[in-house]
Amino acid sequence: MKVATFNINNVVRRLPNLLAWLRKTKPDVVCLQELKAEDAAFPAAALEKAGYGAVWCGQKTYNGVAILARGSTPVVTRRALPGDESDVQSRYIEAAIGGVLVASIYLPNGNPQPGPKFAYKLAWFDRLIAHARALKKAKVPVILAGDFNVVPTDLDIYPSKSWGDDALLQPESRAAFRKLLKQGWTDSVRALHPKEPMYSFWDYMRNRWPRDAGLRIDAVLLSPGLAPTLRAAGVDRWVRGKEAASDHAPVWAELDLPTRNATPPRAPRAQPKARARSRSAKR
DNA sequence: ATGTCATCCGATGGATGA
């Protein structure tokens, strides 16, 4: 099973880019962030046509998260992060897909800091840490994927002093991310690529993409039970170089899990292809 | 401080967020 996270930076404007990437890489599960679209504007029909069922939490102009599944529709378990009923920002959605619980996360940016936005970021992080702990205790396979808006270490950013005051690099932000990981989550890309930067975001400003001045702020985290299934992980950098690209590139992890809706490579019984096809055609 | 992209509101551009 291939699971990916992609901060799409406006799913309506970026739909051609999203569809081209889905066609080329065929992830089984996709977490999207920064839809920047109201519920009614989400391009569900186009994604369905591309073979993906979707669930989403939209919001006008800002935020917005979604989960896509190839050949099925995710079963929503939560549409908001617990812990603050007054929080109306669309930053969390959680769903079950083939026995795995998947969360699409858009952690607050937190700039400028210090200030109310940074306080909101840290409070949101605390709520995420508490909820992640509860999910872990449930002993089910869980994937936490999204834009965590944290540069975890200095390896995760190009050599630069211009981000010193940024909320993404503050010790409090980094400590919160460490605290989350310490519960036992595996940062897929970092686990398999411990020495390379593996950037996932390049600011539009100041020629940062052409000079590879990137940040690694998007991640696919695996619960302890899933960690041994991790086979490969990476960043689809080429997506960032396309016309009208998002400022993020997709981050993915390949797990050695049976994919319920995938066509099996060989036929254990008669006509498995036809059966698999008719099942997905019902969607 | 700079500079990029995009949208909002509501007016021919400034404020905002990332």
Side-chain angles (χ1 to χ4, degrees), chain A residues 5-21 31-43 56-66 81 86-93 104-125 128 145-152 156-170 172-174 176-177 197 199-219 235-251:
Chain A
T5 182
F6 187 10
N7 180 320
I8 194 69
N9 187 13
N10 194 327
V11 73
V12 175
R13 178 152 189 87
R14 225 69 66 191
L15 183 60
N17 307 57
L18 175 60
L19 293 174
W21 169 68
C31 294
L32 297 175
Q33 301 84 35
E34 286 209 86
L35 304 179
K36 295 187 173 176
E38 290 177 288
D39 278 340
F42 185 82
W56 63 95
C57 278
Q59 188 181 327
K60 189 179 181 180
T61 311
Y62 306 119
N63 311 317
V65 283
L81 189 62
S86 69
D87 184 0
V88 293
Q89 300 190 21
S90 297
R91 296 182 175 277
Y92 187 92
I93 188 167
S104 180
I105 292 165
Y106 179 48
L107 214 126
N109 173 294
N111 282 304
Q113 73 79 32
K117 291 190 173 180
F118 191 57
Y120 173 64
K121 175 183 194 147
L122 297 179
W124 206 94
F125 226 140
L128 178 63
D147 177 356
F148 289 83
N149 263 318
V150 176
V151 173
D156 302 300
I157 185 170
Y158 64 99
S160 164
K161 285 175 183 143
S162 47
W163 294 84
D165 292 330
D166 197 280
L168 278 59
L169 279 80
Q170 293 316 298
E172 298 96 323
S173 308
R174 289 180 160 183
F177 190 70
Y199 303 140
S200 65
F201 164 84
W202 297 258
D203 201 297
Y204 289 122
M205 287 189 280
R206 299 168 88 180
N207 239 18
R208 291 228 170 98
W209 166 246
R211 41 191 200 98
D212 194 25
L215 284 62
R216 191 179 78 91
I217 58 177
D218 303 274
V235 181
D236 288 334
R237 289 174 59 104
W238 60 272
V239 175
R240 181 62 178 82
K242 290 287 182 184
E243 191 80 12
S246 165
D247 40 6
H248 295 248
V251 173

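Each chain gets a letter, A, B and so on, in the order the sequences are listed, and its residues count up from 1. When reading the values below, keep in mind they use all heavy atoms of this one structure, side chains included, and skip hydrogens, waters and symmetry mates.
- A side-chain N or O of A:Asn9 and one of A:Lys36 form a donor-acceptor pair less than 3.5 Å apart.
- Nucleotides B:dA1 and B:dC5 have their P atoms positioned 22 Å apart, rounded to a whole Å.
- Between B:dC8 and B:dT12, the distance separating the two C1' atoms is 15 Å to the nearest Å.
- Computed from coordinates, the A:Asn207 CG to B:dG3 P distance equals 13 Å when rounded to whole Å.
- Using N1 to N3 plus N6-O4 or O6-N4 for Watson-Crick, or N1-O2 and O6-N3 for G-U wobble, each under 3.5 Å, B:dA6 pairs with B:dT16.
- A salt bridge between A:Asp236 and A:Lys242 is absent, with no side-chain N of the basic residue lying under 4.0 Å from a carboxylate O of the acidic one.
- Across B:dT16 and B:dG10, the matching C1' atoms stand 15 Å from one another, rounded to whole Å.
- Taking the six-membered ring where tryptophan is involved, the planes of A:Trp21 and A:Phe6 are perpendicular, since the angle between them exceeds 60° and thus also 30°.
- Put simply, the residue from A:Trp202, A:Trp163, A:Tyr199 that forms a side-chain hydrogen bond (donor to acceptor under 3.5 Å, both in side chains) with A:Tyr158 is A:Trp163.
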Practice task
Would you please test A:Val239 and A:Arg14 for side chain to side chain contact (heavy atoms under 4.5 Å, CB included) and show each step?
Solution key: CA-CA 11 Å; A:Val239 175; A:Arg14 225 69 66 191; over 6 Å; no
Handout entry: Under 4.0 Å protein heavy-atom contact, by nucleotide of nucleotides 7-18 of chain B - B base, S sugar-phosphate only
Key = SSS-------SS
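- No donor-acceptor pair closer than 3.5 Å links the side chain of A:Ser104 to the backbone N or O of A:Val65.
- B:dG14 and B:dT2 have their P atoms separated by 15 Å, given to the nearest Å.
- Take the nearest nucleotide of DNA chain B for A:Ser162 and for A:Ala245: the residue whose nucleotide is more 5' is A:Ser162.
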